[in-house]
Structure formats: C-alpha cells, structure tokens
Amino acid sequence: MFHCGRFTLSLDCPLIMGIVNVTPDSFSDGGKFHSAERAIAHALQLIEHGADMLDIGGESTRPGAQSVGVAEELARILPVLEGLAHCGLPLSVDTLKPEVMRAAILAGADMINDVNALQSPGALQVVAASGVGVCLMHMQGEPRTMQLDPRYGNVLADVKTFLAARVAAAEQAGIARESIVIDPGFGFGKTLEHNLALLHGLDAFRTLGVPLLAGLSRKSMLGALTGLGVAERMLPSVVAAVISAMKGAKILRVHDVKETKQALQIFSAVEEAR
Ligand code: 7PM
C-alpha cells in the first residue's frame, strides 16, 4: 500500500502516473489562464485514458531548463491543482522548492515529486508535517548542467546508495515509510550507458523496501536507441514502461496513458497467472 494525502493505493498492479505539464503561454495576456485551462483539459483526458494519478509540473525541473521563480511556478501550478482538486485521483506536484511544496500541499496536493529527493533546506520538514506521499529521485548535478559530463564509479551501486540514504533521511524526519517511493531518475545526469545499466539492473532497487517509480516516457535515451524524434517515441516508451514493470517498478510516469494502460493489462494478466 502507498499512502499519499487523501488516498491509500494498492500496488498489486503497477499504477500509471500521467504527466501534466503546465507550459507557460507567452503569447497573450490571458496566458496564465489559458495554460491552466489547457493543462486541466489534458489531465481530464488522461483520467479517461486510465491514469491512476497525475503529476503536475510547472517545468522548473526539466533537464537543461533555466530555474523558475517560486511566484511564477505557483502561478502556473495552483490554478491546475484547484481545477483538479475533485477529479478523484491523487495529485502529485513536480517541484524541488520547499515554498512551492508548502503552497501546493495547502492547495490539496497528495504527493510531492522531487527530482532533488528533498535535499533543499526545509523540504523534508514540509513533507513530514503534511502526510503527503513523496517520490525521492536521484539526480547527479543540477538540471541546467547535469548532462554535460555525468560520471559514476558504478552507476547502479551509486544511485542505490544515494536513494537508501535519502529514504533514511526521510524516515528520520518523520515521513512514514508507507508514503515514500524511489526513482533512479532516468536522464538526470546520466549517459545512455548509465540509463541502460539502471534499467537492466532496476530489480536491484527492490531490496530498499520501498516502491519504485520509473520515468522513461519519451526520453532522449529512447531517441538515441531508435533515431526517433520526441513526438514519435510512444511505442518505445510503452516498451520501456513494460520492461520497468517486469523489473518491479510499481508506478510508471508516462505521457501516453492509454497505450501504457493497454500494455499493462497484458502484463498484469501474466503476473496474475503466477
Ligand atoms: C525534457 C526532458 C522535459 C526531460 C521533461 C523531461 C522524471 C521526473 C521528469 C522522472 C520523476 C520528463 C522529464 N522526469 N520525475 N520529472 N521521474 N520522478 O520526461 O523520470 O518529464 S522531467
């Protein structure tokens, strides 16, 4: 079971976390409103397609991205959180800023997805005080520069050691183990070889004793392997999601919810035949 905010979720079958990007619309004065409307409409479509939870992001954590201020990030995210408050699904917010976490939780977020694994000063405390779920993700470096020269002794061992330490820090701060998931952070300070080693060895994270979340959807490693552009990576993304599930991932963070759902129906049927 995974406890996050208002929800307790069974992880007997892998869950689908649908990605909701709140993209700033710089073309009109009504941009903030229209970008929220667009994000909410997209989220409702993901729910129809079978999403089990939603991950709302204001684009501050993207590889290569310039950092976005707290006020700007909240202006993007809060209207979407409010618009989806009664959609029936757990709402995750993708942020690494404690101030954004606090405001998002007050606005009804059920989970914080932190690519920085709650390492910002105050982040552990904000989550611990709230009862929301958290995803602790591994990243080497910072989003703007992390892909320049990623290096590891042994990527699988290094990422696992980091995540074990962050789970311990979270528990020490008072976050319930039942509210924690971990994520190796595909593409976050990793070469293609690092990403492949992590996916191949993903089952090794199971011994950490908390559920595993995997995000490979449309990522550049899939482009590097197929030569396909980002808009053409649905099938490779679904295959990567199935491979993750077969290696024990319990939450799959994806753009293509409908197709991933179909694939996981086959996966889950085969699992149940065990
Ligand atoms: C450009 C490149 C835009 C990469 C967006 C991205 C993850 C995440 C992201 C992940 C968790 C994306 C990424 N990836 N959070 N946020 N795990 N927990 O594909 O793998 O959305 S941003």
Side-chain angles (χ1 to χ4, degrees), residues 2-7 9 11 14-22 39 42-43 46 51-63 65 67-68 70 73-74 76-78 80-81 84 87 89-120 122-124 126-128 130-139 142-143 146 159 162-163 166-167 169-170 175-176 178-189 205 210-219 241 244 249-255 257:
F2 176 53
H3 294 282
C4 58
R6 300 165 289 168
F7 298 86
L9 307 173
L11 297 174
L15 301 181
I16 297 177
M17 171 186 264
I19 299 169
V20 180
N21 284 320
V22 192
H42 182 64
L46 298 184
D52 300 295
M53 57 175 84
L54 299 171
D55 188 38
I56 302 162
E59 299 224 308
S60 67
T61 59
R62 302 295 173 256
S67 65
V68 171
V70 170
E73 196 173 338
L74 285 173
R76 293 181 191 176
I77 286 170
L78 290 181
V80 180
L81 262 180
L84 294 172
C87 74
L89 264 59
L91 302 175
S92 164
V93 169
D94 188 347
T95 188
L96 41 67
K97 299 191 190 76
E99 301 96 320
V100 174
M101 294 175 189
R102 189 182 299 110
I105 291 164
L106 281 171
D110 298 290
M111 176 171 173
I112 297 297
N113 173 24
D114 185 2
V115 300
N116 202 31
L118 302 183
Q119 292 179 103
S120 302
L124 284 166
V126 169
V127 171
S130 70
V132 302
V134 64
C135 177
L136 302 171
M137 197 195 83
H138 175 273
M139 165 169 66
E142 54 170 288
M146 65 194 174
V159 172
F162 171 84
L163 290 175
R166 295 314 298 161
V167 170
I175 300 172
E178 293 71 31
S179 295
I180 300 171
V181 301
I182 52 169
D183 179 346
F186 291 103
F188 284 80
F205 291 96
V210 291
L212 189 63
L213 183 154
L216 289 145
S217 187
R218 298 186 188 173
K219 283 196 173 168
S244 304
K250 295 300 187 190
I251 303 178
L252 304 163
R253 184 180 176 279
V254 308
H255 299 87
V257 169

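Positions are given from 1, in the same order as the sequence printed here. The figures here come from the full heavy-atom set of this structure, side chains too, leaving out hydrogens, waters and symmetry mates. Because the structure is predicted, anything quoted here is derived from the model rather than measured.
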Distance, nearest 0.5 Å, that separates CD1 of Ile56 from CG of Leu81: 4.5 Å
Test log, rule side chain to side chain contact (heavy atoms under 4.5 Å, CB included), inputs Leu118 and Ile175: CA-CA 11 Å; Leu118 302 183; Ile175 300 172; 3.8 Å; yes
Verdict with supporting geometry, Phe2 and Met111, side chain to side chain contact (heavy atoms under 4.5 Å, CB included): CA-CA 11 Å; Phe2 176 53; Met111 176 171 173; 3.8 Å; yes
Straight-line distance of Leu46 CG to Asp55 CG, nearest 0.5 Å: 11.0 Å
Note, Gln119 side chain near Arg166 side chain (heavy atom, < 4.5 Å): yes
Listed partners of Arg218 passing side-chain hydrogen bond (donor to acceptor under 3.5 Å, both in side chains), at least two apart: Asp256
Gly187 backbone acceptor or donor facing Lys219 side chain under 3.5 Å: no
Between CE on residue Met139 and CG on residue Asn116, distance to nearest 0.5 Å: 4.5 Å
Nearest atoms (heavy-atom pairs only) where Pro14 meets Asp52: O-OD2, 4.4 Å
Residues which pass ring-ring contact (aromatic ring centres under 6.0 Å, His included) with Phe7, listed by chain and number, not counting sequence neighbours: none
Test salt bridge (charged side-chain N to carboxylate O under 4.0 Å, His left out) applied to Asp183 - qualifying residues, sequence neighbours left out: none
Phe188 vs Met146 side-chain heavy atoms within contact, under 4.5 Å: yes
Close side-chain approach of Cys4 to Leu9, heavy-atom, < 4.5 Å: yes
Side chain proximity check, Val132 to Met101, heavy atoms < 4.5 angstrom: no
Residue pair Phe186 / Gly215: nearest heavy atoms and the distance that separates them: CB-O, 3.5 Å
Side chain to side chain, His42 and Val22, heavy atoms closer than 4.5 Å: no
Criterion side-chain contact (heavy atoms from CB on, under 4.5 Å) against Val134, the qualifying member of Ile182, Leu124, Val127, Val181: Val127
Donor-acceptor contact present, side-chain Ser217 to main-chain His255, <3.5 Å: yes
Non-hydrogen atoms of Leu54 and Met17 that approach each other most closely: C-CG, 4.5 Å
Over all atoms of both residues, closest heavy-atom pair of Ala51 and Leu89: O-CD2, 3.2 Å
Sidechain N-carboxylate O distance under 4.0 Å for Arg253, Asp94: yes
Minimum side-chain heavy-atom gap Leu212-Pro184 below 4.5 Å: yes
Check: Asn113 and Leu213 side chains under 4.5 Å, non-hydrogen atoms: no
4.5 Å side-chain heavy-atom contact, Met53 and Asp110: no
Spatial distance of atom CG (Leu11) from atom CD1 (Ile251) [nearest 0.5 Å]: 6.0 Å
Which atom of Leu78 lies closest to which atom of Ala104, heavy atoms considered: CD2-CA, 4.3 Å
Verdict with supporting geometry, Leu91 and Arg6, side chain to side chain contact (heavy atoms under 4.5 Å, CB included): CA-CA 10 Å; Leu91 302 175; Arg6 300 165 289 168; 4.2 Å; yes
Over all atoms of both residues, closest heavy-atom pair of Ser92 and Ile112: OG-C, 4.4 Å
Donor-acceptor under 3.5 Å (Asp114 side chain, Leu136 main chain): no
